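Read through the structure below, which is laid out as structure tokens, and then see the notes.
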2 protein chains.
Amino acid sequence: MYGQLKNIEIFKSLSNEALERLAAVSKRVEHQKGTILIYADKTEPYFYILESGIARAYSDGESQQITFWFGQSGAVLFSFNSYINNSPGYENIELLENCSLIQIRLTDLFLLYEQHLEIANWGRKIAEHELIATERRLIDRAFKGAAERYQDFLDQSPELIKRVALKHIASYLGVTQVTLSRIRAAHK
Amino acid sequence: MYGQLKNIEIFKSLSNEALERLAAVSKRVEHQKGTILIYADKTEPYFYILESGIARAYSDGESQQITFWFGQSGAVLFSFNSYINNSPGYENIELLENCSLIQIRLTDLFLLYEQHLEIANWGRKIAEHELIATERRLIDRAFKGAAERYQDFLDQSPELIKRVALKHIASYLGVTQVTLSRIRAAHK
DNA sequence: GACAGCATTTTACAAATGTTAAAAAATGAT
DNA sequence: ATCATTTTTTAACATTTGTAAAATGCTGTC
């Protein structure tokens, strides 16, 4: 595993020694498009890093399904509530393409956090990185209209537009699919 | 300082030894109501923990000011971008009452993260805690109407309703003050 | 290539929220 | 207490977005 982790962006800041410790508890897994990797109502025992493919996190409402996260190659992928509170959460994670993932058991990861300073700080930075991205989105919702959020999405994630169904992008942007269609129509 | 930190919730999980290391770089400061503790366009060199009083974080837009965070006693208070990326951010933090705060210089805190396993994991948990709260809010925006978000706020932060201007709560909930007034009127 | 099953767009109408301005209520200072 | 200032509510109207349903477009399979 060591040689494989080395090439993944998120591991690049780590020393060889830390990387070896992580490699020892990592396993590569492959799953098909359409797989629900994580279920909202179960405590998920694994932490994943996406090597290839794309995924989305969503919550089920009464009538709709809301996508609130997309992950591409290099993304970390875990159930927030399982990871942080060791309890079931509110997110499902679905693979939108065939995916290759690095899988680490949470109990192994937590043990490393308690043993290894460098890995503990690596884990801290993962949480901080997700935090700032999430806060950024919350603020954008307040300051930017739906059309501008769509344009930003186009600029920042051109890959995703091609590969993800628009209905998922609509809910990610916080509008209905009808509104997104209107925005796209006005755009041309 | 050691004896003072001991009584603050966020420090309670720490060993005496870790607490002493933190106490050695902590300082208590007091500031008056109305003080802007953190400015959006400056890299903020300190990290704070609120001992008493309340504060809000807000961003300035062209015509409005959007409050996106409230902190009460026990809250950690820092500029996300300064803390995480060492660069100016988008948040101002204003004290809404006279406040007593624990102040720690970021350079001191980062040094402890690199030296002390327990403190590094403590920092990780701080980020994770903020992360899950922020994600929760983003999802609530999608699934709940403004009236329900107001009711949740009443239930979860009854203190804040009494002590914070409604215009700030309106923008925190993602509506205009007019809409919040309508919700409150319908409520009775 | 025709068909079935989805995804996307369009249309018409409804509901929610925003905008502006004025009135009422609350707050603070003298 | 009174006055000035600020906050909150109310009103009227405009705009945005949502809902439901039909029309169109796309994809994969036989």
Side-chain angles (χ1 to χ4, degrees), chain A residues 32-34 36 54 56 58-68 70 94-98 138-154 160-188, chain B residues 32-36 54 56 58-59 61-68 70 94-98 137-154 157 160-188:
Chain A
Q32 286 200 314
K33 171 175 176 168
I36 308 294
I54 54 179
R56 72 175 180 117
Y58 67 95
S59 268
D60 285 306
E62 291 170 27
S63 54
Q64 346 97 291
Q65 214 179 52
I66 305 260
T67 298
F68 54 86
F70 290 113
E94 178 190 4
L95 305 184
L96 298 173
E97 299 180 349
N98 294 338
L138 193 64
I139 294 178
D140 279 356
R141 286 276 178 101
F143 282 110
K144 297 179 177 175
E148 192 178 353
R149 295 205 299 276
Y150 173 67
Q151 185 59 54
D152 288 350
F153 188 85
L154 281 182
L160 290 178
I161 291 283
K162 293 177 215 152
R163 290 153 73 183
V164 175
L166 285 173
K167 64 179 171 186
H168 296 145
I169 293 172
S171 76
Y172 178 84
L173 293 174
V175 296
T176 60
Q177 197 179 353
V178 175
T179 298
L180 180 56
S181 263
R182 286 194 271 239
I183 290 167
R184 284 160 57 83
H187 208 68
K188 296 164 191 168
Chain B
Q32 286 200 314
K33 171 175 176 168
T35 302
I36 308 292
I54 53 179
R56 71 175 179 117
Y58 67 95
S59 268
E62 291 170 26
S63 55
Q64 345 99 292
Q65 214 177 52
I66 306 259
T67 297
F68 54 87
F70 290 113
E94 178 190 3
L95 304 183
L96 298 173
E97 299 180 349
N98 294 339
R137 284 186 61 208
L138 193 64
I139 293 177
D140 279 356
R141 286 277 177 100
F143 281 109
K144 296 178 176 174
E148 191 177 353
R149 295 204 300 276
Y150 173 67
Q151 185 59 53
D152 288 351
F153 188 85
L154 281 182
S157 311
L160 290 180
I161 290 283
K162 293 177 216 151
R163 291 153 71 183
V164 175
L166 285 173
K167 64 179 170 183
H168 295 145
I169 293 172
S171 75
Y172 178 84
L173 293 174
V175 296
T176 60
Q177 196 178 354
V178 175
T179 297
L180 180 57
S181 263
R182 285 193 272 239
I183 290 168
R184 285 160 57 83
H187 208 67
K188 294 165 193 166

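These values consider heavy atoms only, across backbone and side chains, with no hydrogens, waters or symmetry-generated copies. Bear in mind that the values here come from a model prediction, so they are computed numbers and not experimental data.
- Within residues 173-182 of chain B, the residues having any heavy atom closer than 4.0 Å to DNA chain D are, in order of number, B:Gln177, B:Val178, B:Ser181, B:Arg182.
- The interatomic distance linking B:Tyr150 (OH) with D:dT9 (C1') rounds to 13 Å, in whole Å.
- Rounded to an integer number of Å, the gap from B:Arg163 CZ to C:dT27 P is 15 Å.
- Contact check on B:Asp140 versus B:Arg149 returns no salt bridge, with no Lys/Arg side-chain nitrogen under 4.0 Å from an Asp/Glu carboxylate oxygen.
- In this structure, A:His168 atom NE2 and C:dC6 atom P are separated by 14 Å, rounded to whole Å.
- The side chain of B:Lys167 has D:dT7 as its nearest neighbour among D:dT9, C:dT10, D:dT7.
- Under 4.0 angstrom from either OP1 or OP2 of C:dT8 there lies no side-chain N or O belonging to A:Arg184.
- With rounding to whole Å, B:Gln64 atom CD is found 11 Å from C:dT20 atom P.
- In terms of position along DNA chain C, the nucleotide closest to B:Ala147 lies nearer the 5' end than the nucleotide closest to the other residue of the pair B:Ala147 and B:Lys33.
- Listed here is the closest heavy atom pair of A:Lys33 and A:Leu96: CG-O, 3.6 Å.
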side-chain hydrogen bond (donor to acceptor under 3.5 Å, both in side chains), that's the test. Do A:Gln32 and A:Asn98 meet it? Break it down for me.
CA-CA 4 Å; A:Gln32 286 200 314; A:Asn98 294 338; 5.0 Å; no
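- Between B:Leu166 atom CG and C:dT27 atom C1' the separation is 14 Å, expressed in whole Å.
- The CG-P distance, from A:Leu96 to C:dA7, rounds to 12 Å in whole Å.
- Looking at B:Arg56 and B:Glu94, a side-chain N of the basic residue comes within less than 4.0 Å of a carboxylate O on the acidic one, giving a salt bridge.
- Here the closest heavy-atom approach between residue A:Ala146 and residue A:Val175 is recorded as CB-CG1, 3.5 Å.
- In summary, the aromatic rings of B:Phe70 and B:Tyr172 are positioned with their centroids under 6.0 Å apart.
- Computed from coordinates, the A:Ile183 CD1 to D:dT15 P distance equals 18 Å when rounded to whole Å.
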